[in-house]
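In what follows, a single structure is set out as structure tokens and then discussed.
Quick note on labels: first sequence line is chain A, next is B, and so on, each numbered from 1. Note that the structure is a prediction, hence the values are computed from the model and not measured.
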Protein chains: 2
Amino acid sequence: MRKGELTHQTILETAVRLASRVGLQGLSIGGLAEELGLSKSGLFAHFKSKTELQVQVLEAATVVFTGRVVRPALGRARGEPRVRALFDGWLTWDRDSLLEGGCIFVAAAAELDDAPGPARDTLVQGQRDWLDCLAQAARIAVAEGHFQKALDVEQFAHDQYAVMLGFHHAKRLMRDPQAEARARRAFDALVTAARTPTS
Amino acid sequence: MRKGELTHQTILETAVRLASRVGLQGLSIGGLAEELGLSKSGLFAHFKSKTELQVQVLEAATVVFTGRVVRPALGRARGEPRVRALFDGWLTWDRDSLLEGGCIFVAAAAELDDAPGPARDTLVQGQRDWLDCLAQAARIAVAEGHFQKALDVEQFAHDQYAVMLGFHHAKRLMRDPQAEARARRAFDALVTAARTPTS
DNA sequence: CCCTTCATAGAACGGTCGTGCTTTTCGTGC
DNA sequence: GCACGAAAAGCACGACCGTTCTATGAAGGG
């Protein structure tokens, strides 16, 4: 691997961590360079623009996310165990020490939702993939007979993610020590409802 | 009313609308002044600092929120109707034309969750009040016999808000046309579960 | 009608932003 | 070991940031 490729990767790692705290907008090239002990222009040379940096940060975060949350869950048994693993994995991801500011995608979602452009497009695609992943896991749980046949798996994925967003809000903004317990209780209710057929 | 008081109020109205789009961080004094046809320093004189402006924007938004969401719901019948009114009111609030960028509190939550200071404190207090309001409505629904006696009303409030956050994400970031239908379905499931005792 | 008080404008500050251009340093294949 | 190309630094730019100071204009009470 080229020397440049290595620094490029190092920059992105630090950038992801930093962006989770200050956001993609707040992530400044000067600040990032200082954190890494690089010069501003030296760092800038790796990306042609700040937008490109933001896009690559999102892509790098997606790679880490896949490795830390999705892939481990795919190693679990098909059906409900995998669905639960995805949920647990996300909770761990959100409070992980690697992301001092919590899930970077949630932070980015708020600041990009009205800012059209490549960064927003990249984020939306990633979130779509993630929701599809959740829905697919639920679909398998239906096929395995763990969840009821008539379950709306997209709705389940949507609701599951809503619980995660609620956790993020309670934990990171409100600093609610019960946040995780609340999230687990909400998710358990979701799973229970998915199991038993609607009366 | 003093002349200054009037402009002060006008500034805050525009600031709230602008901040819902670009965030509290992105809300610049120069940009806000230009939008209003004022000079930067003339506007600045109304607030001793940018932080103070942010705090007052949050407070002004809270007043509007109370008038548009909370107060109308308090006019509804005690119990489940009022709980539903709070939910409906929030959905309307979030997609209201007044807030082109969606609920300003959700946007602020993401950018302030790791930024200690007066603005964060103000936001957290407002969110606490809002969650208390939701919980209190649920508590009344229990007292009225609409919800089961053993219902954990704080958990219900938490779950209800999570559905709202899920709606915001689906609607504003993902531009999902089904966002509202999904949110209503999720909320109905929550209400149904709150009615029938846990087996 | 004057005089004080208040509201706004104007100009300027130090700082940081993203972004180019030019130079120097350094890793690497021959 | 040298030369070539990549990588990083240095420097400068225009723009915008929050903030301060000073001056000007309008409002309002006597």
Requested in this report: Please determine which of A/W93, A/F105, A/F65 meets the ring-ring contact (aromatic ring centres under 6.0 Å, His included) test together with A/W130.
Outcome: A/F65
Query raised in the report: Rounding to a whole Å, what distance do you find between B/L32:CG and D/dC16:P?
Result: 16 Å
Query - Sequence neighbours excluded, every pair satisfying side chain to side chain donor-acceptor pair (under 3.5 Å) that has a member inside residues 19-39 of chain A - result: A/R21-A/E100
Just the table, please: protein N/O against nucleotides 18-22 of chain C N/O, every pair under 3.5 Å.
from: C/dG18; atom 1: OP1; to: A/K50; atom 2: NZ; distance (Å): 2.9
from: C/dG18; atom 1: OP2; to: A/I29; atom 2: N; distance (Å): 3.0
from: C/dG18; atom 1: N7; to: A/K40; atom 2: NZ; distance (Å): 3.2
from: C/dG18; atom 1: O6; to: A/K40; atom 2: NZ; distance (Å): 3.3
from: C/dT19; atom 1: OP2; to: A/K50; atom 2: N; distance (Å): 2.5

Distance-only donor-acceptor hits, side chain of residues 73-87 of chain B, under 3.5 Å, sequence neighbours excluded:
from: B/R78; atom 1: NE; to: B/E144; atom 2: OE2; distance (Å): 3.3
from: B/E80; atom 1: OE1; to: B/R195; atom 2: NH1; distance (Å): 2.9
from: B/E80; atom 1: OE2; to: B/R84; atom 2: NH1; distance (Å): 2.7
from: B/E80; atom 1: OE2; to: B/R195; atom 2: NH1; distance (Å): 3.0
from: B/R82; atom 1: NE; to: B/R76; atom 2: O; distance (Å): 3.3
from: B/R82; atom 1: NH2; to: B/L74; atom 2: O; distance (Å): 3.4
from: B/R82; atom 1: NH2; to: B/R76; atom 2: O; distance (Å): 3.1
from: B/R84; atom 1: NH2; to: B/D188; atom 2: OD1; distance (Å): 2.3

Query raised in the report: Taking the six-membered ring for Trp, are A/F167 and A/F187 ring centroids under 6.0 Å apart?
Result: no
Query raised in the report: Do NZ/NE/NH1/NH2 and the carboxylate oxygens of A/R184 and A/D88 come within less than 4.0 Å?
Result: yes
Query - Spacing of B/E34 atom CD relative to C/dT8 atom P, expressed in whole Å - result: 18 Å
Requested in this report: May I have all residue pairs that pass side chain to side chain donor-acceptor pair (under 3.5 Å) and include part of residues 132-143 of chain A, sequence neighbours excluded?
Outcome: A/Q136-A/R139
Query raised in the report: Which is true for A/A45 with a 4.0 Å heavy-atom rule: it touches a base, it touches only sugar-phosphate, or it touches nothing?
Result: nothing
Query - Any pair counted as salt bridge (Lys or Arg N to Asp or Glu O under 4.0 Å), so long as it reaches residues 47-74 of chain A, sequence neighbours left out - result: A/R68-A/D96
Report summary line: Between CD1 of B/I11 and C1' of C/dT8 the distance, given in whole Å, is 10 Å
Anything under 3.5 Å between a protein N or O and an N or O of nucleotides 3-6 of chain C, put it in a table, one pair a line.
none

Query - A/F47 CZ to D/dA8 C1', straight-line distance once rounded to whole Å - result: 14 Å
Report task. Whole angstrom is fine here: how far is it from CG in B/L6 over to P in D/dA26? Result -> 18 Å
Query raised in the report: Taking OP1 and OP2 of D/dA8, is either one under 4.0 Å from a side-chain nitrogen or oxygen of A/H46?
Result: yes
Query raised in the report: Under a 4.0 Å N-O cut-off, is there an ion pair linking B/R182 with A/D159?
Result: no
Report summary line: Here the distance between atom P of D/dG5 and atom NZ of A/K3, to the nearest Å, is 19 Å
Query raised in the report: Charged N to carboxylate O under 4.0 angstrom, A/D114 versus B/R175?
Result: yes
Requested in this report: Look at all strands and tell whether A/L43 reaches a base, only sugar-phosphate, or nothing, counting heavy atoms closer than 4.0 Å.
Outcome: nothing
